[in-house]
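Computed from heavy atoms alone, side chains included, the values below leave out hydrogens, waters and symmetry copies.
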Amino acid sequence: MTTETTIGIGGAAEGTDMVLNIGPQHPATHGVLRLRLTLDGERISHAEPVVGYMHRGAEKLFEARDYRQIVMLANRHDWLSAFSNELGVVLAVERMLGMEVPERAVWTRTLLAELNRVLNHLMFLGSYPLELGGITPIFYAFTEREELQHVMEEISGGRMHYMFNRVGGLKEDLPNGWLGRARQAVADVRSRMEVFDRLVLGNEIFRGRTRGVGTLAPRIVHAYGMSGPIARASGVDFDLRRDEPYLAYGELQDTLKVVTRTEGDCLARFECLLEQTHNSLDLADACLDRIAELPPGPINQRLPKVLKAPEGETYAWTENPLGINGYYLVSKGEKTPYRLKLRSASYNNIQALTELLPGTLVADMVAILGSFFFVVGDIDK
């Protein structure tokens, strides 16, 4: 029989396991995530992520809003990927309606989704070194984010929650001269991205804290349904943009590069994120080139005053910045969804900590946790 001593701060009697609560209010947990760790000396013997502190019942709220209003609810769970979140919902509704979206809207959506991906990744490229003691990269990350935020804010009016997607297309056409300003912003950000290669990947302390730490086996990735840069860093070569193309990704296969690693450690996850950011900037440029060639045309479809989806069900999924987001929509022919189930990437990804943390040192816990690149709202919905 083993004895457990639950403590907050301080020591425990010799010969007992210590149960340590990390969070829910802790600077290293990206929000209100709680980790319940059982320690054997300096090593973690058991880990349990305790989620739900930010749960707001989004899926239930979907049932009380019409198809125009649910876009607002859908873009908030992963607040770093708002445009991509909206996208999955409108794609599901459009599929139910059998609606064709204008070509101009398809390419613009693809462009904005990739700019949103860069914004998401830059946040983690700056915050992860910060958690390991390196303060400088986050200032560079926010400088680059600000550059892209300006162009996103110019078209949508929002800095985090863009509310720019509509069923049938986008809210409105791009402002005059916006394509040139967006192209300049992409070029400026690309020209300064080598800072992260030099300042972070070139730092021996960062490499020492991350190489060989928190190695995630492909078996665990498959068992927990993990996805995104975390899964690809363990050699699981899967990306919906290539393997089941949506929007304009089918025509971007020459530019799209699915970044993978085989090591599966914290360093590999960071490298995947950084290299994917470079590729997203290339994709954004390819979209800008194509939009400039398109003839003038509509950016959305005219919709009836009351929008009702026909009776039935559908499933739409997208490659969000943090992994696969899935939207299972059931309609009874009313103006509100009967059920809209949201499958978020962070919820699945974070569950693997129960397998990954046992056996590691407490000192490595923050390095492993930070390399999972999650958003707590995306876990709790």
Side-chain angles (χ1 to χ4, degrees), residues 55-79 81-110 112-113 116 156 158 161-173 225 227 240-241 243-250 297-320 323-348 377-381:
H55 178 61
R56 60 196 177 90
E59 291 176 358
K60 198 68 190 168
L61 291 171
F62 286 147
E63 297 168 21
R65 305 287 188 278
D66 68 34
Y67 287 107
R68 288 184 175 90
Q69 295 169 323
I70 60 175
V71 176
M72 183 277 295
L73 288 170
N75 75 11
R76 278 161 164 73
H77 57 90
D78 174 1
W79 47 77
S81 317
F83 187 86
S84 305
N85 300 338
E86 299 170 10
L87 202 50
V89 171
V90 295
L91 287 174
V93 179
E94 285 161 6
R95 187 175 293 177
M96 287 285 279
L97 293 164
M99 183 181 285
E100 281 290 321
V101 175
E103 188 181 17
R104 194 171 182 77
V106 171
W107 280 97
T108 308
R109 280 177 172 179
T110 311
L112 297 176
N116 195 194
S156 66
H161 305 300
Y162 305 111
M163 278 300 296
F164 199 58
N165 273 293
R166 295 290 185 271
V167 176
L170 295 167
K171 177 176 173 247
E172 57 201 9
D173 210 341
S227 57
L240 282 176
R241 295 173 299 168
D243 300 322
E244 198 175 302
Y246 58 99
L247 294 181
Y249 289 114
I299 197 93
N300 50 35
Q301 295 274 32
R302 290 186 69 83
L303 299 175
K305 195 169 181 182
V306 177
L307 183 63
K308 293 184 178 181
E311 196 165 337
E313 57 189 64
T314 191
Y315 183 74
W317 55 349
T318 57
E319 185 69 41
N320 264 39
I324 291 171
N325 267 29
Y327 302 85
Y328 177 57
L329 173 63
V330 181
S331 170
K332 295 287 186 186
E334 299 297 323
K335 65 177 183 178
T336 60
Y338 175 74
R339 180 83 169 90
L340 180 52
K341 170 75 178 84
L342 168 61
R343 183 254 191 237
S344 63
S346 298
Y347 181 77
N348 284 61
D378 200 38
I379 300 170
D380 292 344
K381 301 189 285 254

Could you go through the side chain to side chain contact (heavy atoms under 4.5 Å, CB included) check for Val167 and Glu94 one step at a time? CA-CA 6 Å; Val167 176; Glu94 285 161 6; 4.1 Å; yes
Looking only at atom types and distance, does a side-chain atom of Asn325 sit under 3.5 Å from a main-chain N or O of Asn320, one as donor and one as acceptor? no
Ignoring hydrogens and geometry, is there a side-chain-to-backbone donor-acceptor pair from Ser331 to Gly312 under 3.5 Å? no
Would you say Phe62 and Leu73 make side-chain contact, with heavy atoms under 4.5 Å? yes
So does Leu170 get a backbone contact from the side chain of Asn300, meaning a donor-acceptor N/O pair under 3.5 Å? yes
Heavy-atom closest contact (His55 atom, Asp380 atom, distance): ND1-O, 2.9 Å
Shortest non-hydrogen separation from Ile299 to Arg104 and the atoms involved: CD1-CG, 3.8 Å
Are Arg339 and Glu59 within salt-bridge range, i.e. N to O under 4.0 Å? yes
Does OH belonging to Tyr249 count more than 12 external heavy atoms closer than 6.0 Å? yes
Between Pro310 and Met96, the two heavy atoms sitting closest are CG-O, 3.2 Å
Quick one: does any side-chain atom of Asn116 pair with a main-chain N or O of Ser84 as donor and acceptor, under 3.5 Å? yes
Donor-acceptor pair, side chain of Ser156 and main chain of Phe164, under 3.5 angstrom: no
Heavy-atom closest pair, residues Ala309 and Leu97: CA-CD2, 3.9 Å
Heavy atoms, side chains only, cut-off 4.5 Å: are Gln69 and Lys335 in contact? no
Min side-chain heavy-atom separation Leu329-Arg95 under 4.5 Å: no
What heavy-atom pair brings Val71 and Asn165 nearest, and what distance separates the two atoms? CG1-O, 3.9 Å
Output the distance between atom OH (Tyr315) and atom OH (Tyr327), rounded to the nearest 0.5 Å. 9.5 Å
Keeping the roles fixed (side chain from Tyr246, backbone from Glu319), state whether a donor-acceptor pair exists under 3.5 Å. yes
When you look at Leu247 and Leu91, which way does the side chain to side chain contact (heavy atoms under 4.5 Å, CB included) test go after all the steps? CA-CA 9 Å; Leu247 294 181; Leu91 287 174; 4.3 Å; yes
What distance separates Leu240 CG from Ile324 CD1, expressed to the nearest 0.5 Å? 4.5 Å
Under 3.5 Å: donor-acceptor pair, side chain of Arg76, backbone of His161: no
Is there a side chain to side chain contact (heavy atoms under 4.5 Å, CB included) between Tyr328 and Leu340 once you walk through the steps? CA-CA 6 Å; Tyr328 177 57; Leu340 180 52; 5.9 Å; no
Give a yes/no verdict on a cation-pi contact between Lys332 and Tyr338, requiring under 6.0 Å between NZ or CZ and the six-membered ring centre and an angle within 45° of the axis. yes
Apply side chain to side chain contact (heavy atoms under 4.5 Å, CB included) to the pair Arg166 and Glu172, showing each step before the final yes or no. CA-CA 9 Å; Arg166 295 290 185 271; Glu172 57 201 9; over 6 Å; no
Is a donor on one side and an acceptor on the other found under 3.5 Å between the side chain of Gln301 and the backbone of Gly169? no
Sidechain-backbone polar pair: Asp78 side chain, Asn85 backbone, donor-acceptor under 3.5 Å: no
Please report the shortest heavy-atom distance between Ala345 and Arg343, naming the atom on each side. CA-NH1, 3.7 Å
Just verifying a value: how many Å separate Glu244 CD and Thr318 OG1, rounded to the nearest 0.5 Å? 11.0 Å
With a 3.5 Å distance limit and no angle check, can you tell me whether Thr110 reaches the backbone of Ala248 through a side-chain donor-acceptor pair? yes
Atom pair CG/OH of Leu307 and Tyr67 - distance to nearest 0.5 Å: 8.0 Å
